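Both counts, for ligands and for their atoms, begin at 1 and track the order of listing. FYI, the numbering just counts along the sequence from 1. Only a predicted model underlies this, so the values are computations on that prediction, with no experimental measurement involved.
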Amino acid sequence: MTDSVILVGFMGAGKSTVGRLVARRLGRCFVETDDMITAKEGRSIPEIFTERGEAHFRALEDEAIDLLALKGGDVIATGGGLPCREGRAEALRALGTVVWLRGAFDTLYARALAGGDRPMLAGRRRAEVQALYESRVPYYGRAHVIVETDGLGTDQVAARVCQALRHREREAS
Ligand code: S3P
């Protein structure tokens, strides 16, 4: 099966936008784990958190990972918390090349606050979100490739992801 490209990183890292651009550049399908979950549940992520709780959402993430294992070759944008549980990093690495879109916390936080309704930010002070970010860094760090996003536009980040993938392919051949 063709390897997938899996984008991981904190909320606000640009996984969805960059993922779409990378998919277009590579001529691959684009998949978002959050979309898989909302399609299955028939409700939004904030609704799932409010009505069923975070534990249920995390169980749905496990199901999404199992489904992703059935097909290959996609560009996959994961939710910010998806890789951050025991065994998940390994499950993602088994799907293909895992790319961490890394950025400074300040930038990610500002972007995450500005864009959309994010249940993990609701009721959390900045310092608590920063602690969450720091607790997740070791999980993101299990990616095959790290792409720095600070100071770059999404097109530039997508170009860097593709460059890193080409580099890995050359190394492997
Ligand atoms: C989450 C991030 C969200 C979404 C859910 C939980 C998290 O995705 O999966 O709200 O735990 O960080 P984005 O990273 O796309 O915001």
Side-chain angles (χ1 to χ4, degrees), residues 4-24 29-69 74-92 95 98-143 145-150 152-154 157-158 161:
S4 292
V5 177
I6 304 101
L7 301 182
V8 302
F10 201 62
M11 294 172 274
K15 300 176 296 282
S16 308
T17 310
V18 170
R20 268 191 202 90
L21 294 170
V22 170
R24 197 181 305 154
C29 291
F30 173 67
V31 181
E32 281 200 76
T33 55
D34 280 352
D35 285 349
M36 294 170 71
I37 290 170
T38 53
K40 176 173 182 287
E41 291 289 285
R43 45 190 153 184
S44 69
I45 302 287
E47 282 167 347
I48 297 170
F49 270 77
T50 309
E51 293 164 22
R52 304 294 309 272
E54 184 181 348
H56 180 69
F57 175 76
R58 300 300 171 197
L60 294 169
E61 287 187 325
D62 274 323
E63 287 177 24
I65 295 172
D66 289 345
L67 285 175
L68 288 170
D74 294 337
V75 176
I76 301 162
T78 58
L82 186 138
C84 309
R85 298 170 87 81
E86 274 323 300
R88 296 267 184 95
E90 293 67 29
L92 294 181
L95 299 176
V98 182
V99 181
W100 175 16
L101 299 187
R102 184 162 69 180
F105 173 74
D106 287 345
T107 318
L108 301 175
Y109 184 60
R111 249 197 252 133
L113 272 186
D117 187 356
R118 289 186 157 100
M120 293 302 287
L121 298 181
R124 281 194 169 86
R125 287 186 311 240
R126 187 183 192 290
E128 291 170 312
V129 181
Q130 182 151 15
L132 178 68
Y133 171 75
E134 276 155 20
S135 72
R136 288 177 170 186
V137 163
Y139 293 97
Y140 299 143
R142 295 193 205 163
V145 174
I146 300 175
V147 171
E148 300 293 345
T149 64
D150 285 335
L152 299 178
T154 47
V157 175
V161 171

Is a donor on one side and an acceptor on the other found under 3.5 Å between the side chain of [X] and the backbone of [Y]?
X      : Y     : answer
Arg43  : Ile48 : no
Arg118 : Met11 : no
Lys15  : Gly9  : yes
Ser4   : Val75 : no

So which protein heavy atom does [atom] come closest to, and at what separation?
atom                    : answer
atom 7 (C) of ligand 1  : Gly81 N, 3.3 Å
atom 3 (C) of ligand 1  : Asp34 OD2, 3.7 Å
atom 13 (P) of ligand 1 : Gly80 N, 3.8 Å

Could you tell me which atoms of ligand 1, counted from 1 in the order shown, lie closer than 4.0 angstrom to a heavy atom of [X]?
X      : value
Gly79  : 8 (O), 9 (O), 14 (O)
Ile45  : 5 (C), 10 (O)
Phe57  : 5 (C), 6 (C), 9 (O)
Pro119 : 10 (O)

Considering non-hydrogen atoms only, spot the tightest contact between Gly103 and Tyr133 and give its length. O-OH, 3.1 Å

Once you round to the nearest 0.5 Å, how far does OG1 of Thr38 lie from CG of Leu60? 10.5 Å

Could you tell me whether the side chains of Glu32 and Ser16 share a donor-acceptor contact shorter than 3.5 Å? yes

Side chain, backbone, both or neither: which part of [X] comes within less than 4.0 Å of ligand 1 when only heavy atoms are counted?
X      : answer
Arg58  : side chain
Arg136 : side chain
Met120 : side chain

Would Arg118 count as being in polar contact with ligand 1, using the rule that some N or O on each side must be under 3.5 angstrom apart? yes

Heavy-atom distance under 4.5 Å between the side chains of Leu95 and Leu92, does that happen here? yes

